[in-house]
Amino acid sequence: MDYKFSEIEKKWQKYWVENATYKVKEDSSKKKFYVLDMFPYPSGAGLHVGHPLGYIASDIFARYKRQQGFNVLHPMGYDSYGLPAEQYAIQTGQHPAVTTAKNIARYREQLDKIGFCFDWSREVRTCEPNYYKWTQWAFIKMFNSYYDNDANKALPIEELIAKFEKDGNTNVNAANNCTVKFSASDWKSYSEKEKEQILLAYRIAYLADTKVNFCPALGCVLANDEISEGVSVRGGYPVEQRVMRQWSLRVSAYAQRLLDGLDKIDWSDALKETQKNWIGRSEGAEMDFAVKGQDLKLKIFTTRCDTIHGVTFMVLAPESEYVAKVTTADQKAAVDDYLAQVKRRTERERISDRRVSGVFSGSYAINPITEKEIPIYISDYVLAGYGTGAIMAVPAHDSRDYAFAKHFNLPIIPLIEGADVSEESFDAKEGIMMNSGFLNGLTVKEALKTAKKYIKEKGIGEVKVNYRLRDAIFSRQRYWGEPFPVYYKDGMPHMLDESKLPLELPEVSDFKPTESGEPPLGHAENWCTPEGYPYELNTMPGFAGSSAYYLRYMDPTNDKALVSKEANQYWKSVDLYVGGTEHATGHLIYSRFWNKFLFDLGIVCEDEPFRKLINQGMIQGRSNFVYRIKDTNTFVSLGLKKDYDVTPIHVDVNIVNNDILDIEAFKAWRPEFETAEFILEDGKYVCGWAVEKMSKSMFNVVNPDDIVDKYGADTLRLYEMFLGPIEQSKPWDTKGIDGVNRFLKKFWGMFFTGDNFDVVKAEPTAEEQKSIHKLIKKVTGDVETFSYNTSIAAFMICANELTSLKCKNAEVLTKFVTVLAPFAPHICEELYHLLGNTGSVCDAQWPSYDEKFLVESSVKYPISFNGKVRFTLELPADMDKADVEKTALANDQTIKLLDGKPTKKVIVVPGKIVNIVF
RNA sequence: GCCCUGAUGGUGGAAUUGGUAGACACGCAGGACUUAAAAUCCUGUAAUCAUUGCGAUUGUACGGGUUCAAGUCCCGUUCGGGGCACCA
């Protein structure tokens, strides 16, 4: 009986839909398990064979957990706001909603073919009003909250107002960007607008003039994680610095909690490390340096307060507010000139061109410990946004300061014994201090401690922690995103009442910015409240909609809340999250922040959203090449190309089979190859190959639909998992797929004799038991550790064993079907029913294994001599050590190999190995 | 520059606490079936030498070390992938 995968797969996919097999409800009688995939942005190109990798991995786990009796939530949806649809709209006029809907339909069609156990009744789309209502709602909550550093959580803004009314802001310990200090009476004397302006500097969602990364090509501001090396991650367009009035989220207030939370979650070390780098905690001290002849103190931040005796100058960031104050009249022209020069440089130039530049301000500062005078410089190697925008420079022990000192001929004082600073600085935190007054003779570590204590005691400064993590800029000058629930009155932002949500995205006549340079929403008619107050023209960024979607899946149709208390209490958080590593510093930081904020408000019960996370590796493409002899239309086969001067040309992998080119298909592929001639080897044209990114331009894209058509979804699922460990990147090579396909055919064949379904009800033999229990043990262990590739090898081994045993035993085969079901659900569902079961194989209980079937009566001992294995000896498993040794030594081959030499030592590891040393 | 990862046959990969390196596949070669092809099945397949059989030597990026025994542990080096990067 042939394995007709196409019929089988269609049949059961239909059955699963009709029987709502994958619909899941909260059920307090069962333990829950939440398996989540990072939802896709539905791009126009559709899915290639790399996309489903993670989905298959999570699908197997979800099915496995279900078979173990868990109530499994395994939803899917679409991150459907985003730039590509909008760029396409600008080019073609096609509304992004139309493109997006079309792309979603295509994705869904492709996903459906693979047989996932998604509960589609819980689907979310970030661009739908009933979804983004809750994105807007969370934003309002953030606007109405501030971060209290003492309580270490977000609190209602009303509590802050109460504090201001009582004491002003002098004793308030809250995250802020407020530049004024005021008393209670000052507060009371302020106008409403002034009060609002101050509160804005404390809100978690705040509007401020911020130095932003603006990308002219995209017409849009970008967040830090959307830029890499001075260009936009999407598109690679240049980015420049601008000051713009933008919404931001005070993510930085959560820096420490985001860092601490990493210890509680089961993520890879690499990913945790990436997040740690991104958060960038550094512990140090803030110190005041007095400016000579002025009533002014400059605050600096340093992590090396042990090096204070080696400070020979100070540097201010060009943007520092102190610059104007310390610039003397004689230096004003030079400073202005430098500032202008800095302003002209783009971020990219600054990164790529690291010449030393700077200018003397004319003023001197006093080192608070040595009381020496040191010059104050201005240079763009000091960043305004980090620490205090001012540093104490220790050229002997900081390479950047060293370069600056050399360039401006400033003194360099070594502080560590034996450190040679004639050619470069000594940055390492090790050695014994010298030239350092009270720190002399201490190790660097001791000196750090002592110096901190000293600074605190003498009131010179305070111990402080700084973070690299910045607030997230939340405004985008784009159309295809969530509208802000904000209107403006008297120039100040106000939130819509929650009852007015969602504020729906309006239609616009043009997706480009307006003539006056306003964002596209400037084209919308009547984009204002019924009272006539204008709405915000920016929209939210891509990460807005993806920050809390995992919560919405718990209760997707609730119109009273983002998620009900009951649903949230039941599902709690995501137990297994599978997705790509490219979201390490974006989505995975923002959603943790967003979740912690909702946790502070008591809306969710867990403060970390994703308990375990697996990063699936990328599927790379395997490209094929043909070699054209230069200036001809003749192509030479791989093995012969060394004799010619050739140009390699990418050729569509779909017309190459096992690296042999289909010549006729190649001629038909493109008009210019129609008359191509070939130099063959053994009558064949052999192509070269390389592993590259899977992309259209390399002609190496493989579409899962084609694989499903040719081999079936179960084969595709199995093969993707068989390729190797999920976390690892690996090339896709369709030629290997025959192996798993053969396995499924063989597996199918095990249930038939001729065309008849043929299994027998009987007690399994010991050998059958051993084979199947070995399989159950292996697969159970492998699934728990996501080593699916080795599970599949185990299935193949078991199928081979049972075939050679001619096993037709119903009990054994049912167990096989049950453990294979998560991997290959269609074929297993069919066989499960043929075996006489009713209901879905999805609910077939995961079998347990019994060690008693696995015990071996004998062990094949490798007998090694000086570590080299010479032969094996089959001995009873329960033979004790001394007897094993005796038997091994008495063996003919041993005697021959020893050749009369005395043994020095004999090592016997029971059950494992014998090693004879002579 | 700093941090994290990884390197095993022609290819993808396996080896769970140090215990027969190369499981399972792909590919390749030979054979069976067939008029032929496809499909299927069987055998071989790390390298070198030997080959009538027995075998021997080398081998997990490279160089050292620990151990009866190292892909696995330790030290150093090279190369690939990822992250951070004038972050004081």
Side-chain angles (χ1 to χ4, degrees), chain A residues 2 228-229 268-282 284 300-305 307 315 317 350-351 354 356 379-383 385-394 397-401 403-404 427 466-470 581-582 584-585 615 617-618 622 658-659 689 691 719 722-725 727-743 745-746 749 778 781-782 785 787 789-797 800 860-872 903-909 911-918:
Chain A
D2 287 344
S228 179
E229 297 182 10
S268 72
D269 289 341
L271 186 54
K272 284 186 183 179
E273 204 58 43
T274 303
Q275 290 220 334
K276 277 181 197 164
N277 283 342
W278 192 258
I279 295 165
R281 182 185 202 270
S282 55
I300 61 97
F301 175 73
T302 179
T303 55
R304 291 298 301 274
C305 51
T307 61
V315 187
R350 235 179 103 154
I351 289 164
R354 286 197 186 160
V356 175
S379 172
D380 67 354
Y381 86 87
V382 173
L383 303 177
Y386 185 76
T388 59
I391 61 151
M392 62 177 213
V394 186
H397 301 288
D398 182 290
S399 52
R400 299 152 302 182
D401 297 345
F404 195 85
D427 292 16
N466 255 305
Y467 301 91
R468 203 190 69 96
L469 183 72
R470 309 295 170 80
T581 180
E582 67 273 19
T585 52
N615 284 124
M618 274 204 323
R622 187 182 187 278
N658 289 343
D659 293 338
W689 61 275
V691 172
Y719 185 53
F722 189 59
L723 280 175
E727 305 92 327
Q728 208 167 295
S729 286
K730 57 242 155 185
W732 176 274
D733 188 356
T734 303
K735 78 181 178 198
I737 205 166
D738 285 326
V740 289
N741 190 240
R742 273 177 210 144
F743 157 70
K745 282 186 199 159
K746 187 169 194 170
K778 176 79 179 147
D782 281 352
T785 54
S787 312
N789 53 331
T790 49
S791 303
I792 292 164
F795 288 130
M796 291 171 170
I797 291 168
N800 289 341
K860 243 188 198 169
Y861 277 94
I863 312 297
S864 53
F865 293 79
N866 291 341
K868 281 182 182 149
V869 176
R870 291 298 175 215
F871 63 94
T872 59
T903 59
K904 284 186 191 151
K905 202 172 183 182
V906 179
I907 285 138
V908 177
V909 184
K912 292 273 187 193
I913 201 166
V914 176
N915 191 14
I916 298 167
V917 186
F918 65 94

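Small disclaimer: the values here were computed from a predicted structure and weren't measured. Residue numbers begin at 1 in each chain, while the letters A, B, ... track the order of the sequences.
The listed nucleotides are rA88(B), rA25(B), rA39(B); the one nearest the side chain of M796(A) is rA25(B). Residue I797(A) has its side chain nearest to rA23(B) when only rU20(B), rA25(B), rA23(B) are considered. Listed candidates were rA14(B), rU20(B), rC4(B). Nearest to the side chain of E273(A) is rC4(B). Considering only side-chain atoms of Y386(A), the nucleotide from rA88(B), rU20(B), rC84(B) that sits closest is rA88(B).
Separating the C1' atom of rC79(B) from that of rC62(B) is a span of 10 Å, rounded to the nearest Å.
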Considering only nitrogen or oxygen atoms on both sides, find all protein atoms under 3.5 Å from nucleotides 9-12 of chain B and state each distance.
{"residue": "rG12(B)", "atom": "O2'", "partner": "L723(A)", "partner atom": "O", "Å": "2.5"}

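Within 4.0 Å (heavy atoms only), V909(A) reaches at least one base atom of the nucleic acid. Residue contacts shown for N800(A) are limited to sugar-phosphate atoms, with no base heavy atom under 4.0 Å away. The residue K868(A) sits close only to the backbone: its heavy atoms come under 4.0 Å of sugar-phosphate atoms, none of a base.
The salt bridge (Lys or Arg N to Asp or Glu O under 4.0 Å) pairs that include a residue from residues 732-741 of chain A are R622(A)-D733(A), D733(A)-K735(A), where partners are two or more places apart or lie in different chains.
With sequence neighbours left out, the ring pair (Phe, Tyr, Trp, His ring centres under 6.0 Å) criterion links Y719(A) to W732(A). Annotation: side-chain hydrogen bond (donor to acceptor under 3.5 Å, both in side chains) contacts of W278(A) (sequence neighbours excluded): none. For F404(A), the ring pair (Phe, Tyr, Trp, His ring centres under 6.0 Å) partners two or more places apart in sequence, or in a different chain, are F313(A), Y377(A), Y381(A), F408(A).
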Output field dot_bracket for RNA chain B (Watson-Crick or G-U, both distances under 3.5 Å, | for other-strand pairs) contains (((((((..(((......[....)))((((((.......))))))((((.....))))..(((((..]....))))))))))))....
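Applying the 4.0 Å criterion to OP1 and OP2 of rC2(B), one finds that N277(A) has every side-chain N and O outside that range.
In this structure, Y861(A) contributes its side chain and T872(A) its backbone to no donor-acceptor pair below 3.5 Å.
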